[in-house]
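To start, the structure under review is shown below, and the notes come after it.
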Amino acid sequence: MLIPPTNPSGMKPFMPGEESRYQSYTLKNLRNIPQIQKISEQRLKDIEIVGQVLPFKTNNYVIEHLIDWQNIPEDPMFILNFSQKEMLQPRHYQKIADLFKKNAPSDEIEKASMEIRWELNPHPAGQKYNIPSLDGLKLKGSQHKYRETVLFFPSQGQTCHAYCTFCFRWPQFVGMKEIKFSMNESNLLVEYIRKHPHVTDLLFTGGDPLIMKTSVLASYIDAVLDEDISHLRTIRIGTKALSYWPYRFVSDDDADDLIALFEKIIRSGRHVAVMAHFNHPRELEPLIAREAIRRIREVGAEIRTQSPLLGHINDKPELWAAMWQRQVELGCIPYYMFVARNTGAQHYFGVTLENAWHIFRDAYKSVSGLARTARGPTMSAYPGKVQMLGVSKVAGEKVFVMRMLQGRNTDHVARPFFAKYDPDATWYTDLKPAFDQDRIFFDLPWACDNSAKD
Ligand code: SF4
């Protein structure tokens, strides 16, 4: 399948050699967006109301190169960045709208917003249980859920070039300090990895770690490389900069330094995996994004791609097929189709597991084997990464067939199991074991064996 690049009217084409100065837009300067007249006054109010609870930020690149302003409000890139009224439950929306109407003071609005946030499951998949400790000290900017991989949240990387309206890390951005992951003590991180010889992968995550200057990112990476911990084999960088600010790899002041940093890690004998978020094939079209991909790959780093399956944005098999195919053409490796997590605006974005499987299957069927590296639909749930393999019949009973791609309990990995068929289920916690033997995959609490075997 050949997918020609498109340039919907209203989007500015990227000119080779173009440089750009980053300009963010938040609730404070939303009305300064040049295309603002394309958004109705009521929609602007909705953005301001929803934006009290869930974070809002976009930038000049997204506005000029990704959003099709002739297709507002249905445009998927618009929905990806701009809050919609329906992203809050009606009672939550009304609560904030009423406060706006009576010109309530900002601290009263903030208090009401915080109460709503706590109702939106700000800590999905038991993330707080993933915080590791070192000699009794909690590493509050790390998570260690799966034995081989440690997640690190550098404190300077806890924002993004723009915010996705579906983001499951939304509490990182809205001042919920008590549950925010972040730390800047690289010595603790290094010591923790050294003491855990099963850890092969270190994932820098956020927010977006590539919001940091290269010199700051390098200070963390150098701390790890300088110690030359032999069991640490891969540095992963979780980022959406290829979509939201590809200049980061091409023409920003320290873009060359970033590429050189990747090269340095690779020269140390390690693998660099850029875990790139792409939610829609349009994000791969601008020439600057393609140039960014080329530069990363040129030094030997690999780009693996992932996205949740999102209602209103990408819930069509042809979009996934186009995205995977284009990624392969550009040298990226399709990695995960996730299910939207049970947090924030899941009621708006969520797709039933059965539908998710149909969309995955239809997309998977229509691409060549090289694009079939994607695994999905996958739930990053409390017990592990659970893949929905399909709907089938076992002993006369209609069931969901599942397996764990990752597990807190490594013994659960790659063992097929069954859940009762439920056409309305959208998340793992909606499911029930189909047979007695499947209970072990559902019964909580789960034993975590990250450190037990270290
Ligand atoms: S780029 Fe990633 S962390 Fe940032 S808002 Fe989007 S999904 Fe969330």
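Just so it is clear, the values below take in all heavy atoms, side chains as well, and ignore hydrogens, waters and symmetry mates. Not measured: the values here are computed from a predicted model. Atoms within a ligand are numbered from 1 in the order they appear, just like the ligands themselves.
Among all protein heavy atoms, the one lying closest to atom 4 (Fe) of ligand 1 is Cys160 SG, 2.3 Å. At the top of the distance list for atom 1 (S) of ligand 1, counting protein heavy atoms only, stands Lys240 CB, 3.5 Å. If you check which protein heavy atom lies closest to atom 5 (S) of ligand 1, you get Cys164 N, 3.2 Å.
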Could you walk me through whether Tyr61 and Tyr247 satisfy the ring-ring contact (aromatic ring centres under 6.0 Å, His included) test, starting with their C-alpha distance in whole Å, then the side-chain angles of each, then the deciding distance to 0.1 Å, before giving a yes or no? CA-CA 9 Å; Tyr61 174 80; Tyr247 305 100; 5.6 Å; yes
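Counting heavy atoms under 4.0 Å from ligand 1, residue His277 touches it through the side chain alone.
Within 6.0 Å of CZ on Arg361 lie no more than 12 heavy atoms contributed by other residues, nucleotides or ligands.
For the pair Arg295 and Phe249, the cation-pi test (distance below 6.0 Å, angle within 45°) is failed. For the pair Lys45 and Phe100, the NZ or CZ position fails the cation-pi test of under 6.0 Å to the six-membered ring centre and within 45 degrees of the ring normal.
Within the structure, the closest approach of Gly206 to ligand 1 does not fall below 4.0 Å when heavy atoms are considered.
Distances from atom 6 (Fe) of ligand 1 show that Cys167 has no N/O/S atom below 2.8 Å.
Here the options are Asn59, Thr58, Thr239, Asn81, the test is side chain to side chain donor-acceptor pair (under 3.5 Å), and the partner is Tyr244; only Asn81 passes.
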